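Shown next, in structure tokens, is the structure this report addresses.
None of the values given here were measured: they were computed from a predicted structure.
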Amino acid sequence: MYWRGDSQSEDDGGFSISCSQGHRSSLNLQTHDEGGSLCLVCFSNLVSNPLSPTVHVSYALSQLSRSLSIPHFLQSLLTFHPHFLLSPLLAALSSFHDQPIAAQLTHLILSLSSSADPSLCSQFIARISDRIASAALGWTSPQLHMIHCLGALLNCEKDDDLHAHIKDMYSFISVLVTGLQLPSEEIRGEVLFVLYKLYVLQSTSAGGDGSDMLIPFCPQILYLLVDVLMKTQNDDVRLNCIALLTMLARRHLLREECAYDTSNMSSNGGVNSKETEDGTKGTSLVNLFAEAIKGPLLSSDSQVQIGTLDLLFHYLSSVRNSDYQIRVLVEENIADYLFEILRLSEYKDPAVKMCLQVLGLLSTAEETFKLRLVVGISTLIPALRYVAEVPFHPVQCETLKLIYECISECPGSVSTSQLEELILVLIRMLRKHSDGEMGMIPETFIMVCSIFVALIRSPSCNGALDLSKSIEEATNHAILACLSVSERNINQILQCLYLLKEAYAYSHDGNSINSSKLELRSGILDICRTHLLPWLVVGINEMEEDIALGLLETFHSILLLHSSINSMEFAETLISIGWFSFSFECLGLFTGDRMKNRIYLLLSSLMDSLLGNDSGQPIREAALHLPRDPIDLLFLLGQRSTNSLDLPSCQSAVLLIMYTSSLYDERLADEKLILASLEQYILLNRGNFHNRTTDNLTVTRLVNLYSSLRGLGSMNYQIHYSRDAEEIIFQLINNDEWDLLSARIHTVSLKWLFQQENIINSLSHQILKFCRSYNLEEADIIIGNNYQTVNVQTLSELVSTEDNYGARLFVCLLAQLLEEEGREYDIICVLNVMATMVLVCPAACEQLSLHGIATTIRTWCYLSNSLSTTTYMSILILVFNTLSSVHPETLSVDQSWVAITMKMMECSIPSKEVDILSDESLFVIGILSLILHLSTNKALEETSKAILFNTCIISMVNTVVCAASSKGPALVDHDEGTSTGETLIFVLLLHYFAVKSLHAILPGFVDWQSFFASTNPSEPLAFIGIRCHDLCRLLHFGSTVIKIAASYSLLELFKRISDQINSNHEELRCTIGYIMSIRSILEGLVFYNDLRVATNCSLCLSMILGWEKLTKETKVLEESSWCRLIIEEMTVSLAAPALASQSFMNNQRPAVLVAIALLKLHKIPQWMRSVFDNSSISGILGNLSASNLSSEILALFRELLKSNFLSTEQIATINQMLQECRKRMYSNNAQEDLPNEPIKKVLTTSYNMGDICEYLIDLMTSEAYLDTGSKKLLEEIELFFSTLSVDNGSCM
């Protein structure tokens, strides 16, 4: 066939026109430029002859294959002889058994078929299929080669209608089906591939529906395919079989035999038996299918495994309505195989995706699948961890559904460790979703919430495992995720709210006082308060009704647990945003009955939480008949209740709504309109009130609502009202149908009632009932009127104002009770309430005093034959609280206190000498101290004189002081916890206030130097007084509290003595030894750890140093080693680095005061200059700044300046510091000189001597308080600059 130039001629340019066999030149095609050619006839004859040597045939095929790669040869062949080689190639393919030759032939056929002429491929397919369909070749090697070649042709992507060129499709497929029954793996693989390609081509062709080609061979072919898949161990055969089965499953052809009409198959000679190769008969297709796919599912070839999963998925999709087939697959343990694949795949795609999709379909066989799911849950949770990290993973939802089914359908099947791992994964998903880090489709979100709900309900979570913190975190993230997305999904939000409700219910299950459950409960309420409630209120106008209903139902479920304190707090939260007005706004926006019922039921539960005792029951009973508009509600209220059977219940509901809304200052309509409707209700239904058919609680609410409207009207404008309706209201009150304590009442309503003179007697009765109740229950004092209840706070505020009869009612009630016999208990109740009112609201004592509370007590004191201890102590408590709260001006004209005081001293101060007093006596001494204190403000002066000169008190004071002084060092053990110490402290406090009172009300009467040692020690003072040496002895030996009281008393005496000496120019009338003994005690206490004692002692010591001019032995006063030690310690401390805090500077105040006093001496001790040398002063200045400078330190530097202790550089430093300090103080001017905190009073109906003592000490220290504020510092700054300017002027 090939040759070069053996027959060349000059005319042909070196090429012959025919081959050596003389065939036509047109069939002799040039192969290349060097003269080679190929004769198609020779080639055809060679390859068509079965007897041709295979080596020649192989060589010829290889040469043709090489020639086809030459463009001009291929073009000539296709142009002039496109079909010439068709027959010889097919003849050779059907003749030769040699595999290599068959491969060469197949390659040539494919090469020619892929050329530009599409008819070649179709001709090859038509002829090959005819040969196969004729079955002439049997199942020899050429037949196999023909099938393989056909499969290769069908696999070409050139034309989608290649299958249409098969003329006898039925015969052709019959032959192929027969081939499937052969045991040859190679034949089965080729047949399966051809069938698969034919089916795909027919299914995807424009005119085919993919359902006619294989139906005549079903179910035989299905059994054959399943049998092949079951028995083959070749992965290529498996892949082909799986691919064909997958196509059949997609077309819903993988069905049982009963689904097919097999009569046509019998008539056409088809096999109608379900008998497989090994003789198995009678087994259903699904059982065989399940057994067949087990091997491929565990194949090491991932392509086979994934293909099998895909087949299983499409099979299950096609039979999803057949419970039987799915159940069989589960019973055949397919689910277990899938779980194993998941585990071995290390939870990576695509195995995870395919397995979970198939498991989702298998889960429809609920009962059967449940047992497998319990085993596989340990595999699903790690799989969820993987798919949860992939945004929008296609099987997230399926995985969650499977886990949800396991938890909900098989309670207790999930271990604690698995639950903890699952919860962590779910919370991470919600957290990423709420943070915007990872999206989540609504279905996935709903399943996450559903799993949490199932967990909450599962026994595991209600046992040892506490999920409170996890549930709180999940709920919080879920809510935030719902609110953060722009397009809200209704189902997603409703499921999230359902989770929140279940979580709140979980917080109340079991041990509801568990700290973690309490935190969960609080966290859920915070979510409602901070997120859900604002969202509902702000977005109600654009919100879908279902979402609004879901939110309202959530809030309602919280309120239904009204026994919880948290629920009550949430009810108050709803009220704080104007819930009544908002409720009717919702009724205006949404007209459905569901919304109306939900609103009214929620309101009823709100009443239960706010008012208690099922108060919302009237609303629940009338909810179906109540209108949507508040105006319509008022219309119902203004009707005669007998007009309709439903009207009474509706009116009760309306009255309850209006009453409760008024408590929280919500106006559902204009006050005038509400009052008009209410008056009409009262007038039209007066018969019900007269006949007492209306219960007292309803009457009480009616009265409270009416008085609230009247009170508002009198406050804001002149309102027209019905006198008849008012008269009916007053009758109801006076007939005891109104109970002040049975219902909450607005302060406006209460005030209006207490302004009505017509009901004073009834109000007095109600006050007595309150006092009895308060004394019995010992209720806590509720500060503020947030709860709108009658309590001590509201009554005290009412009594403290002048525009009502409150104070008059209390005083008159007490006076009336005191006049009656056998009313001691009521008297005590009223006294206790009055004492507490004065304590809570000090202004109340002003009105009580103006209305004669003192006169009432005085009258009782002298009319009562015998004083009960309990009653007497109640009076003492009231007196103490009154005197500690009242303004002195109020008491200045009241003479009743003299008699009261005389009675108290007569009853409680012992006439005989005792050194230990009872609590009653100490209490009276405390009251006497208050009276003496008030006398310094020109109040109760006559009363104070009676105290100061009372011989019993004078004797008692001397006795107690003498007994205490005699104890010596042992006195330190008698502190306020002992009877001796407690008595001594009260006596010292009384003495302090007595000294101040003597100076205030009897100026010039007392010779203050008489408090020094007397020439006649046995001669007592004519008034209450303790001599200085006795105070010093108590100061030296006493406990801390005794030292405090004694130091203040001594300081007050020294002030009076100094004032007397300075004003009268007197000399000291005491020995130098007496002064030195006092001085030594004071010097030793300058370093005492209580700053008050140390400061008082330093001030007393400073006064003694100031008396040097009056003594003859001044040298003794000047030369004191203790004074030098005090000053040296002070300079070392102030100059020490890094110790310049404000508190540290304050601790040095006593020593600084002593230093100032020494610098003021006429002759400054010489050692002062060595102590205040240049380095010490510079060190002190280095620690000072504008922020820690005190008035005492500045006064010290002023005295140092006067005494020329300061250098020029130090003066400049001080000058700059003072400039900065003054600038700083002026910039903070708004915060300076803030008022001191009021003295704390803790005395109520019970009394405690420690509380009284603490109060009196606070009162004493507040009076003697050293002014170290900004104002004092500014004054010292100005004084320093004045001194500096004087010194500079003198130098000039």
Side-chain angles (χ1 to χ4, degrees), residues 711 714-715 745-755 760 763-764 767 770-771 774 779-815 830-857 874-894 896-897 900 927 930-931 933-940 1234-1245 1251-1252 1255-1256 1258-1259 1262:
S714 62
M715 291 168 53
I745 185 168
H746 198 284
T747 53
V748 173
S749 176
L750 191 65
K751 185 174 182 179
W752 184 85
L753 289 170
F754 272 74
Q755 291 172 339
I760 281 183
L763 290 175
S764 179
I767 289 175
F770 171 79
C771 294
Y774 181 82
D780 293 334
I781 302 171
I782 301 176
I783 305 301
N785 61 351
N786 293 333
Y787 296 98
Q788 301 293 6
T789 53
V790 178
N791 50 56
V792 174
Q793 175 72 25
T794 55
L795 287 178
S796 59
E797 291 176 354
L798 192 69
V799 168
S800 64
T801 58
E802 302 177 3
D803 57 352
N804 64 82
Y805 297 111
R808 173 185 165 186
L809 281 168
F810 270 97
V811 174
C812 293
L813 174 61
L814 181 60
V830 174
L831 286 171
N832 290 343
V833 169
M834 293 176 72
T836 309
M837 284 196 305
V838 172
L839 178 66
V840 171
C841 184
C845 71
E846 305 292 333
Q847 293 300 315
L848 292 174
S849 298
L850 291 174
H851 284 83
I853 185 64
T855 303
T856 302
I857 296 175
S874 297
I875 290 177
L876 292 182
I877 292 173
L878 175 60
V879 170
F880 184 91
N881 285 354
T882 301
L883 294 176
S884 62
S885 304
V886 71
H887 287 97
E889 297 81 4
T890 307
L891 300 175
S892 59
V893 295
D894 195 339
S896 301
W897 288 103
I900 296 173
I927 294 174
L930 286 178
I931 294 174
H933 166 68
L934 289 169
S935 68
T936 60
N937 293 311
K938 301 186 181 305
L940 304 179
L1234 294 176
N1236 295 327
E1237 292 185 2
I1239 301 172
K1240 182 181 179 182
K1241 292 182 294 182
V1242 293
L1243 195 64
T1244 55
T1245 55
D1251 296 337
I1252 299 174
Y1255 173 78
L1256 292 175
D1258 289 342
L1259 185 62
S1262 65

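When side chains are defined from C-beta on, Lys751 counts as touching Asp803, because their heavy atoms get closer than 4.5 Å. The shortest distance between side-chain heavy atoms of Tyr805 and Leu763 does not fall below 4.5 Å. Contact of the Ile857 side chain with the Leu878 side chain is registered, since non-hydrogen atoms from C-beta on lie closer than 4.5 Å. Counting heavy atoms from C-beta outward, Tyr774 and Asn791 have side chains that stay 4.5 Å or more apart. Residues Leu753 and Ser749 are in side-chain contact: their nearest non-hydrogen atoms beyond the backbone lie under 4.5 Å apart. In this structure the side chain of Leu1259 reaches within 4.5 angstrom of the side chain of Leu930, judged on heavy atoms. Two residues are said to be in side-chain contact when any heavy atoms from C-beta on lie closer than 4.5 Å; Val811 and Thr855 fail this criterion.
For the side-chain contact (heavy atoms from CB on, under 4.5 Å) with Ser874, the qualifying choice from Val830, Val879, Leu831 is Leu831, the only one to do so.
Atoms CG and CD, from Leu850 and Glu802 in turn, are 7.5 Å apart once rounded to the nearest 0.5 Å. Separation of atoms CG (Leu809) and CG (Leu814) is listed at 12.5 Å; rounding is to 0.5 Å. In this structure, CE on Met837 lies 7.0 Å from SG on Cys771, to the nearest 0.5 angstrom. For the atom pair CD of Gln847 and OG of Ser796, the computed distance is 12.5 Å after rounding to the nearest 0.5 Å.
Looking at every heavy atom in both residues, Leu798 comes nearest to Thr801 through O-OG1, 3.0 Å.
Looking only at distances, no side-chain donor or acceptor of Ser885 sits under 3.5 Å from a matching main-chain atom of Thr882. Looking only at distances, no side-chain donor or acceptor of Asn937 sits under 3.5 Å from a matching main-chain atom of Ala939.
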